[in-house]
Engineer: 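Structure in structure tokens, see below.
The chains referred to below are lettered A, B, ... by the order of the sequence lines, with proteins before strands, and numbering in each begins at 1.
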Amino acid sequence: MTPTVRTRIAPSPTGAPHVGTAYMALFNLAFARKHGGQMVLRIEDTDRQRSSPQSEQAILDALQWLGIEWDEGPDCGGNHGPYRQSERLEFHQAEVNRLVNQGDAYLCFCTTERLEQVRKEQMANKETPRYDGHCLNLSTEEIEKKKEQGDPYVVRMKVPTEGECVFTDELRGEVRIDWKQIDHQVIQKSDGYPTYHLANVVDDHRMEISHVIRGEEWISSTPKHVLLYQQLGWDAPSFAHLPLLRNPDKSKLSKRKNPTGIFYYRDAGFLPEAMLNYLGMMGYTLPDQREIFSLDELSESFEIKRMSLGGPIFDLAKLKWLNGRYLREKLDSDEVVNRLVDWKANKEKFAQVLELALPRLETFSDFFPLAHHMFEECPIYSTEDLIGKQEAQFVTRLLKIAEWELEKIKDWKRDALAELFQHMAKVEEMKLKDLLRPFFFAISGSAVSLPLFDSVALLGPDLSRVRLRNALHKLSETGASLSKKGLKSLEKEYRSAYGNRID
RNA sequence: GUCCCGUUCGUCUAGUCAGGUCAGGACACCGGGUUUUCAUCCCGGCAACAGGGGUUCGAAUCCCCUACGGGACGCCA
């Protein structure tokens, strides 16, 4: 009798739900289903600064939209809860204490400033930046004294000084990494929350996860996890590291270069099953090479060894082709109508848009021409219109700044957007009207249009971002793009006028 | 910089584990056909084993080196 297969997907609720999360979830699910096991959804919200309940809800909604189902999770419970790491602190802290008592971990009182300094020096000497062991041998008295003084501290894991860590990756075979490469990783932060590495190991163990299927980005830190399992006296699960989805330039898929938000695809009018199918063919082919398959079909025949290891480039063109086939071959016309209505051709959506359009209507015929940009992926307009009477370079600058400023918006609402553009007009010493002109084209494709802030608010961050990027792309074709140098100086200028960028 | 992972048409990939068919399919692109237009659909075309060395009668496949790409090196995950 083989032990139950249990996989997990462990997203961090920071920002918009990412297609990478769905990608990993898909294969975790397929693997669990294939082996008659379960998949757990665990929310990794140990970063108190960046985690938010809204983001958590968005992740659940996004995965559900795609048709990804989990057997245990924060919404549906299960026998291994709670499923939010922030609610499992006692488990984490107990193990941290155990490690400290065992001598496998130690308290570190170094300040962020000191650590930065050390790191800087090491970089300058072309060494691998690592903790220098400053607090490794503090005496019990020193520790007690510092604690009494209320000095903040973290807990670090002790790592062997020689030898190498050998572990098996189910897809790549044996991986060997020198312990010398591994830093004395912080496992508990000064706020008492565990870091990923600790929480991950403790929770995977307690949740009886048998197979850790995750992104390739984790290979280099797997030794830390292997070591923690050893020190805690637990059997490690199997590891399989999947390739990372890539941008067309082969870098790790990022929202700067691609729509990475799951909701983008929903809002742009893709079918969830086509999306899931497409993700399934990234790095994987069914044994019979079928290109159109459902989640069930994938799960039935899934063999993780068939994963290819080169990072696949996310290709919108092929996704669109696939979506078209679903529309024509997988759904009957009645279903297509229903889906279209559910998408945006419904009363709620029309009501939202009509509120903006009504003052501008004489007849119903005016509605759709005025509101087309609310129902398309990206409007069409000429680059001349976009530039208008301004300098192309200057328009590029405005769009770029707006792109950065938009990243700072937490609550994507009309008022926040209005404030943003008003602030921008002030800083740029422009009339709001002049500032907004290119944005009207970028967002709605026309200067005769619905109110901009409301349109952007309704479109949401994903669709809006792509439209700005599309405008920038059009400008770059006129030669008005920023050189690397120009971009750098703009960034500098931006930082002094608007504050730091957020990614 | 150090370490790790990877590399078949522009893109997704089959073939690699058990060496032996013109390296197969799909997207994109190009051409042709059907269609009052367009799209769909059908037919055809273009196009790849990163490079070098080995092992072998024979290498995309096994081994080594190089190159290139990616990732990691946070009190983020």
Engineer: Identify whether any heavy atom of A:Thr46 sits under 4.0 Å from a base atom; if not, whether one sits that close to sugar-phosphate; answer base, sugar-phosphate or nothing.
Structural biologist: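 Sugar-phosphate, no base atom in range.
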
Engineer: What nucleotide, of B:A77, B:G6, B:G70, holds the atom closest to the side chain of A:Thr195?
Structural biologist: B:A77

Engineer: Of the nucleotides B:C12, B:C75, B:C41, which has the atom closest to the A:Arg328 side chain?
Structural biologist: B:C41

Engineer: With a cut-off of less than 4.0 Å, is there a side-chain N or O of A:Arg306 near OP1 or OP2 of B:G15?
Structural biologist: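 So the side chain of A:Arg306 is within the cut-off, an N or O lying under 4.0 Å from OP1 or OP2 of B:G15.
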
Engineer: Any side-chain N or O of A:Lys189 less than 4.0 Å from the OP1 or OP2 oxygen of B:C76?
Structural biologist: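 True: A:Lys189 side-chain N/O within range (under 4.0 Å) of B:C76 OP1/OP2.
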
Engineer: What's the CD-P distance between A:Gln181 and B:G1, to the nearest Å?
Structural biologist: 14 Å

Engineer: Has the side chain of A:Gln289 got a donor or acceptor atom sitting under 3.5 Å from an opposite partner on the base of B:G24?
Structural biologist: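 Such a pair exists between side chain and base.
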
Engineer: Heavy atoms from C-beta onward define the side chain here; which of B:C5, B:U11, B:A77 lies closest to that of A:Ile313?
Structural biologist: B:U11

Engineer: Among B:A26, B:U11, B:C76, which nucleotide sits nearest the side chain of A:Arg50?
Structural biologist: B:C76

Engineer: Expressed in angstrom and rounded to an integer, what is the separation of A:Asp183 atom CG from B:C3 atom C1'?
Structural biologist: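 Going from A:Asp183 (CG) to B:C3 (C1'), I get 13 Å.
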
Engineer: Are any side-chain N or O atoms of A:Ser55 and backbone N or O atoms of A:Gly15, one a donor and one an acceptor, separated by less than 3.5 Å?
Structural biologist: yes

Engineer: Between A:Arg119 and B:G1, does any side-chain N or O lie under 4.0 Å from OP1 or OP2?
Structural biologist: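 Indeed not, no polar side-chain atom of A:Arg119 lies that close.
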
Engineer: Closer to the 5' end of RNA chain B via nearest nucleotide, is it A:Arg246 or A:Asp47?
Structural biologist: A:Arg246

Engineer: Strictly below 4.0 Å: does A:Thr285 bring a side-chain N or O up to OP1 or OP2 of B:A14?
Structural biologist: yes

Engineer: Using the side chain to side chain donor-acceptor pair (under 3.5 Å) rule, pick out the option among A:Arg8, A:Gln38, A:His80 that qualifies with A:Glu208.
Structural biologist: A:His80

Engineer: Within the 4.0 Å heavy-atom criterion, would you say A:Pro129 contacts the bases, only the backbone, or no part of the nucleic acid?
Structural biologist: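 Here A:Pro129 touches the bases of the nucleic acid.
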
Engineer: Reckon A:Lys252 has a side-chain N or O less than 4.0 Å from the OP1 or OP2 of B:A77?
Structural biologist: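 False: A:Lys252 side-chain N/O out of range (4.0 Å or more) of B:A77 OP1/OP2.
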
